[in-house]
Amino acid sequence: MASNEEVAALLQEYADLLSITGGDAFKARAYERAARAVGGHSADVSGLDAKALKAIPGVGASIAGKIGEYLRTGRVAAVDEARERIPAGVRELTAIPALGPKRALVLYEELGVSSVDELAAAIGEHRLRGLKGFGPKSEEKLLHGIDLLRAATGRIPVDTALALAEDVVARLAEVPGCERCTYAGSLRRRRGTAGDLDVLAAAADSGPLTAAFTGLPVVGEVIGTGGTKTSIRTADGVQVDLRVVPPDAWGAALQYFTGSKEHNIRLREIAVRKKLKLSEYGLFHARSGRRIRVATEEDVYARLGLPWIPPPLREDRGEIEAAARGELPEPLAESDLRGDLHTHTDLTDGIDSLEAMVDAARRRGYSYYAITDHAPELRMQRMTKERMLAQRERVAELDARSRRRSGGLRLLHGTELNIAPDGSVDWPGEFLETFDVCVASVHSHFTQPRDEMTRRFLAAVENPHVHVIGHPTTRKAGRRPAVDADWDEIFAACARTGTALEVNAHPNRLDLPDELILRARGHGVKFAVDSDAHSVPDLANMRYGAGIAQRGWLTAEDVVNTWPLARLRSFLRAKAA
DNA sequence: GCCGTTTTCGGCCCGACTGTTTTCAGTCG
């Protein structure tokens, strides 16, 4: 897995370097496409021969050769040569908003600028004056861009993005003349983070909407405004783009602005082959320019010979081919989730009591709900066997009371075990087998070497009492990277032993990430989408977990906590048998 | 560099906005 990501990063770097040095732009694009395909490929490229490499879409003889060279030697001569021509700092310059590869090269060749800091200094010394392509406005914009880059905390988490988007949409929807309004972009595709937000509105006259948008209380600055597109930045630094389209362009526009860019490129290629032209303004006959009526997204896809594709799948990861074959998965819906298998109470590090959490679970309409407080190895939680057994008694009482109501919520008593560096867990098997469900997770020693980390996970997966591996990569947004392990080996073991992998729904975790879900799914693994709630409001995080699961092509059948309780219980019992 | 029910050569998605280049290139999405 690491090799797929490494190779993808290397191909992307080469694509960037090619676009800076100029020459054939299509060549750079070919490397970009190959980078994406390798990054999302379901098999580990380090195990593939040249023929199998060339079977990856966008990988031909030349790129397959470079991948082989990298896997054999750890280097690629062509990339090394490009790195010698273009220092890494020049590539970093293109991260500055409004500065692309062409002008980054001018700065490097004419002024010797090869880092963001050097650019800031050069602007301060007015050395850009008279440089071709750089006028007085450029200095100002670049300085502003450098400030943003330095202040940038990267992408914003999905919960923040969704709250902002829903607020903006609600306010714009009330503007007179606004016929439709929604958010599109990566947020509609349910990515775990958002770079900027895309809001789409339909109106005959964009004026009132544009005025309302630039006057929103959240606006920090107006970046640009025109007849169809207006961009603002909030006081918190989040860019929001509003597009206003005529009502009869809604279907094509919503499709276009939902993306992804890669998905849309593929759709336009299909349109071109059908002698059509697709843009955000509609679908047209290429020759006559005559408009084809496409009122909805469904109409757009149908006219291209495809069924409607759910937004979380629109990443050019094979969804267009699957749609053409009529083999699109029916994505998991949040409402398919009948219960939660990983939650905490104030007995350990949760905020709310058992009773409050159970009440909230009932209000969510769940059929079953597992309480899985931490086990003793997380020392700060002060857990003991006695405390756990006392909780179990209370859970049994609540369950008995609930059971007397028809269709009442059923409770499971579980625990979240700690996977020690050697792969062992907190309690002996005799005690573990008395739990309904055991989640096991890594909470420390994140930097073990890859082979040790892999053995650690495998030991936990092979444990007959471990049902779910919690937040498998342990990544935390902006704080901690994923641990390094041989995921394919772990996923194969999960499939073999009937161990579920968690899709942890907390917005800062979203773990497994969608790329690894896709990969695990290929091994035939089952999943549990869990909130890992430490408070009542946390239970609602399930929507983000469902979104990531959709992006991983999971169906309800793949996710054990969509199953009826009896089927779930037999899955849990089968592990130890 | 990749790719093929029009093609093994000649294409490769499309449009808006900005600033500066007096007619368009660069950047972005």
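So you know, we letter chains A, B, ... as the sequences are listed, proteins then strands, and number each from 1.
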Is there a donor and acceptor pair closer than 3.5 Å between the side chain of A:Tyr256 and the base of B:dG29?
-> yes
Looking only at side-chain atoms of [X], point me to the closest of [options].
X: A:Glu280; options: B:dG29, B:dC2, B:dG15; value: B:dG15
X: A:Lys141; options: B:dG1, B:dT18, B:dT27; value: B:dT18
X: A:Lys275; options: B:dT27, B:dT20, B:dT6; value: B:dT6
X: A:Lys102; options: B:dG29, B:dT27, B:dG1; value: B:dT27

In whole angstrom, give me the gap between the [atom1] atoms of [N] and [M].
N: B:dT27; M: B:dT20; atom1: P; answer: 13 Å
N: B:dC12; M: B:dT5; atom1: P; answer: 16 Å
N: B:dT23; M: B:dT18; atom1: C1'; answer: 15 Å
N: B:dT8; M: B:dC2; atom1: C1'; answer: 12 Å

Take A:Arg29 and A:Ile56, find for each the nucleotide of DNA chain B with the closest heavy atom, and name the residue whose nucleotide sits nearer the 5' end.
-> A:Ile56
So OG1 of A:Thr258 and CG of A:Asn264: to nearest 0.5 Å the spacing works out to 8.0 Å
For B:dT8, what is the paired nucleotide under Watson-Crick or G-U wobble rules, both distances under 3.5 Å?
-> none
